[in-house]
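All ligand and atom numbering here is 1-based and tracks the order in the structure. Quick caveat, the model's predicted, so the values are computed rather than measured.
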Amino acid sequence: MKAIILDRDGVINKCMPPHEYITKLIEVDYLEENIEIFSKLKKNIPIFIITNQQGVGKGLMLKKELNTINQKILNHLESRNIYIKKIYSCTHLASDNCSCRKPKPEMILKIARDYLIDLKESIFIGDSETDIQCARNAKCKSIYIGKSKINILPTYHAKNPMQLLRVLKIEKFIETSHQNT
Ligand SMILES: [Zn+2]
């Protein structure tokens with residue numbers, strides 16, 4: 001079975017400025033244009049979120065607070081008819097050198113083990129070079145939706161929501177219709 005894997009910050013909601021972390025619900029600012037596209041994903045394809053949340057390791061928020069924020073995000077997505085199977089967070093510090101922090105592939109590999117996902121057929125959507133490297137390390141396809149120039153080649157580069165929609169149709173994650181979108 002193939003899956004779609006989403007990064008959280010920069011894909012579902014806006015990123016905080018560099019070196020800042022979302023630690024409160026009020027800081028969650030949804031990227032509704034992307035969410036609109038994810039609501040069109042075929043319902044039989046499982047969706048996962050993987051996210052680096054070093055703010056926990058830095059002591060800027062508790063794991064419990066992160067879980068609360070994640071749950072609220074899942075609730076919001078459900079209200080848009082998007083059902084996330086599971087969200088995986090790495091809460092370690094970069095300096096911990098854990099096995100799960102992106103660009104290491106462990107969170108994606110765990111999804112594959114836990115849900116018997118065929119990664120070669122799956123796509124990871126991310127907005128950073130770290131995400132694209134992570135997809136490559138896990139040997140799954142990638143869609144880069146970030147704005148800055150990156151040094152690794154994603155499978156696809158979607159420069160705007162329209163292109164993202166097109167790629168997801170090409171890859172058959174979204175039903176092609178005769179409607180203009
Ligand atoms: Zn980790």
query: Does Lys86 count as lying over the ring of Tyr88, i.e. NZ or CZ under 6.0 Å from the six-ring centre, within 45 degrees of the axis?
result: yes
field: All side-chain contact (heavy atoms from CB on, under 4.5 Å) counterparts of Ile152, not counting sequence neighbours
entry: Glu129, Ile132, Gln133, Arg136
message: If I only include protein atoms of type N, O or S, how many are less than 2.8 Å from the Zn ion (ligand 1)?
response: 4
- request: Can you sort out the partners of Glu171 under salt bridge (Lys or Arg N to Asp or Glu O under 4.0 Å), two or more places apart, ordered by chain and number?
  value: Lys141
task: Sorted by first residue and then second, give each salt bridge (Lys or Arg N to Asp or Glu O under 4.0 Å) pair with at least one member in residues 103-115; sequence neighbours left out.
output: Glu106-Arg113, Lys110-Asp114
message: Is there a path of hydrophobic side-chain contacts, each under 4.5 Å between heavy atoms, that joins Ile4 and Ile170?
response: yes
- prompt: Relative to Phe124, does Lys102 satisfy both conditions: NZ or CZ under 6.0 angstrom from the six-membered ring centre, and within 45 degrees of the ring's axis?
  reply: no
